[in-house]
Each structure stands twice: as structure tokens, then as C-alpha cells.
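Reviewing the structure listed below.
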Amino acid sequence: MSRAQRAAVLLLTVAAVTGLVSLRSLSTAYQGPAAWDGSPQFDAGRAWNFAEALATRFPRRWSGSPGRKTAAAWIAATLEELGLEVARDSFPAALGQRHPVVLENVWGIVRGSQRPDEIVVALGNYDMAPTSFQAASDTAAHVGTLLELARVIGTSRPRRTFVFLFPDGEEWGMLGARRFATTFPERRRIAAALSIEDLDVGRLRALGIDGTGQFSGFAPMWLRVLAADAALREGFSVEEVTPLLEWLQRSILISWTDQGPFLGAGIPAIDLAGRGADRALQNQVYHLPGDTMEHMR
């Protein structure tokens with residue numbers, strides 16, 4: 001490469017990085033669709049009870065374990081009690097062992113009253129890291145949240161069809177989410193998927209939004225803005241990556257949570273995560289035996 005060529009490459013690189021860093025200030029803010037502003041019906045006490053039941057009754061529910069099997073049965077029974085149509089899908093997977101183990105996805109369906117062919121998937125894994133105990137913040141808390149959402153949506157006659165999905169194998173590369181996103185018979189009718197992952201211990205301070213796909217895809221702006229607007233309405237700040245880091249994420253496309261396989265399959269999706277105020281406590285419990293319900297208060 002000649003000196004002139006090297007100079008041109010350097011100039012283009014500096015220009016690109018400068019543009020990425022200043023993107024937020026130079027661009028016009030995207031206006032997403034309006035968020036629902038009706039009265040809240042979500043019962044935090046019920047969500048807590050669901051989370052506590054999963055954490056304490058099935059404290060060792062990692063993929064392939066007996067506890068995982070009984071936890072799946074409990075989730076299915078709970079969805080049935082809430083009046084949802086329930087489906088279960090078992091499939092083999094190699095998790096580092098010599099022989100495959102059986103994983104299982106569980107989901108409940110609320111049929112839409114006006115646009116039943118348009119599907120919204122709300123999902124959160126119920127398996128856990130084998131190094132944890134109870135896995136209260138990651139994963140019982142978001143399972144409890146989804147079960148309460150299933151109760152609320154199930155009694156509200158939504159326009160669109162809702163699927164509340166509890167995938168297995170998230171800790172092994174989002175296996176259950178990938179299975180659902182690629183084999184669900186009505187996957188081409190999914191309008192959006194919302195993954196809820198790791199609500200963090202302690203007091204909630206912000207909502208984290210992740211839109212990275214699994215080897216392909218990135219969350220559309222309308223979905224990201226809709227989630228951010230809902231968080232701001234409730235008085236919480238929003239944590240998204242900087243423009244420069246987002247550019248790098250779009251280049252690499254390695255996802256860490258269950259929105260990834262949906263985006264990889266061409267389905268609009270994001271991950272929503274609680275961000276706690278006590279980072280030191282989070283580091284002490286994440287995927288460790290200390291991740292118990294007492295730290296969620």
C-alpha cells in the first residue's frame with residue numbers, strides 16, 4: 001500500500017469513528033409507536049410469588065437435571081391454571097456430555113381477538129447455571145414476571161395472539177430459543193419477540209436493552225424505541241450501548257441472551273434486562289450459590 005493509500009485509509013477511519021461517536025448528537029431522534037398508557041394491572045406481589053415458588057421449590061433446575069423436569073411440569077401446570085393453551089416440546093441436545101440430554105420448551109398461548117394471525121412472543125428461560133442455587137435474579141425473577149404478564153394478558157382479550165415461552169438450554173447457547181425460532185409452525189407470523197433476562201438483585205435503577213442477533217440480525221429501531229419509551233414513562237433510565245460499541249456488535253453479531261436466535265431467524269426481537277443499583281452484590285451472586293430470593297428484596 002502506498003503512502004497516499006495509507007493516508008486515505010487513515011482519513012476514512014478517523015472520519016468513520018468521529019461520525020459514530022457523534023451520531024447521537026448529529027442525527028434526528030427516531031419516533032417510535034406510542035406506548036400503551038392505560039392503568040397498570042400488573043400485580044408485583046403475584047409475580048414475586050411465582051418467582052419464589054420456582055426458586056425455592058426447584059433450586060437446582062439446570063438443563064438435563066431432574067429439577068429441570070419438575071420445574072417444566074410446574075410451569076406448564078401454572079399456565080393451564082391461568083387459562084392458557086399449553087404446549088411442550090422436548091428435544092435432545094449435547095451439553096458437553098458424551099450422551100445427549102433431553103431439553104424441553106414450555107409455552108402458553110393467548111389467542112388474539114382481532115388479529116389472531118399476528119403473534120407476539122414474550123420469553124424468558126427457566127433453566128439455570130449449574131454453579132447457581134435458586135437462580136433468583138437469573139432466572140426465577142423473570143419467569144415470575146412472565147407468568148404474571150400471562151395472567152394479565154390472558155384476561156384482557158388482546159388484539160394479537162400472545163405466546164409466553166419458557167425455553168430450556170439458554171445457558172448452553174440459547175438452544176431452546178433457537179429451537180423455537182426455527183421450528184415453531186407459525187414462526188412466520190411472529191411480529192416481535194421480547195426476551196426478559198436477569199432482573200438483577202437489589203433496587204432496580206435502569207432498563208437494559210440488547211438488540212444483537214445470533215450471527216445475523218439486529219433489533220429494529222421501532223422496537224428499541226418502544227421499550228425505551230415504556231421504561232422512561234415508569235421513571236427508569238435506559239441503558240443501551242454507545243454508537244461505537246453498537247457498530248462493533250453489528251460487525252461481530254454474537255448474542256448472549258434469547259433474543260439472538262429470533263433475530264438470526266429474521267424475527268424482530270430485543271432483550272430487556274433489569275439493572276440493579278448494587279453492582280458489587282450482583283458480582284457476588286451472578287451464576288453463584290448466593291443468587292437467592294433474599295437478595296431480591
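The chain is numbered in sequence order, starting from 1. As a basis for the values below, the full set of heavy atoms in this structure was taken, side chains included, without hydrogen atoms, waters or symmetry mates.
Contact annotation: the side chain of K69 never approaches that of E104 to less than 4.5 Å [non-hydrogen atoms, C-beta and beyond]. Using a 4.5 Å cut-off on side-chain heavy atoms (C-beta onward), Q134 and V285 make no contact. Using a 4.5 Å cut-off on side-chain heavy atoms (C-beta onward), L95 and S63 make contact. Taking the side chain as every heavy atom from C-beta outward, L165 and N105 approach each other to under 4.5 Å. The side-chain heavy atoms of V120 and V163, taken from C-beta on, include no pair separated by under 4.5 Å. Using a 4.5 Å heavy-atom threshold, the side chains of R187 and F262 count as separate. Between Y126 and R68, the closest side-chain pair of non-hydrogen atoms falls below 4.5 Å. By the 4.5 Å heavy-atom criterion applied to side chains, L123 and P167 are counted as neighbours.
L82 CG to I153 CD1: the interatomic distance, rounded to the nearest 0.5 Å, is 12.5 Å.
With D200 as the partner, the side chain to side chain donor-acceptor pair (under 3.5 Å) test is satisfied by one option alone out of H295, Q282, R275: Q282. Among W107, F164, F166, the one residue that satisfies the ring pair (Phe, Tyr, Trp, His ring centres under 6.0 Å) test with F180 is W107.
Within 6.0 Å of CH2 on W256 lie no more than 12 heavy atoms contributed by other residues, nucleotides or ligands. Within 6.0 Å of the CZ atom in R88, the count of heavy atoms belonging to other residues, nucleotides or ligands exceeds 12. Surrounding CZ of R250 are more than 12 heavy atoms belonging to other residues, nucleotides or ligands, all under 6.0 Å away. Residue R205 qualifies as enclosed at atom CZ: its count of foreign heavy atoms under 6.0 Å is above 12.
Side chain of H142 to main chain of N125: a donor-acceptor pair is present (N/O by atom type, distance under 3.5 Å, no hydrogens or angles). Proximity of a side-chain donor or acceptor of D291 to a complementary backbone N or O of S137 within less than 3.5 Å is detected.
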When you look at T161 and R189, which way does the side chain to side chain donor-acceptor pair (under 3.5 Å) test go after all the steps? CA-CA 10 Å; T161 294; R189 297 178 179 176; over 6 Å; no

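Applying the salt bridge (Lys or Arg N to Asp or Glu O under 4.0 Å) test to D258 and every residue at least two apart in sequence or in another chain returns nothing.
Under the 4.5 Å side-chain contact rule for hydrophobic residues, M174 and L103 do not share a cluster.
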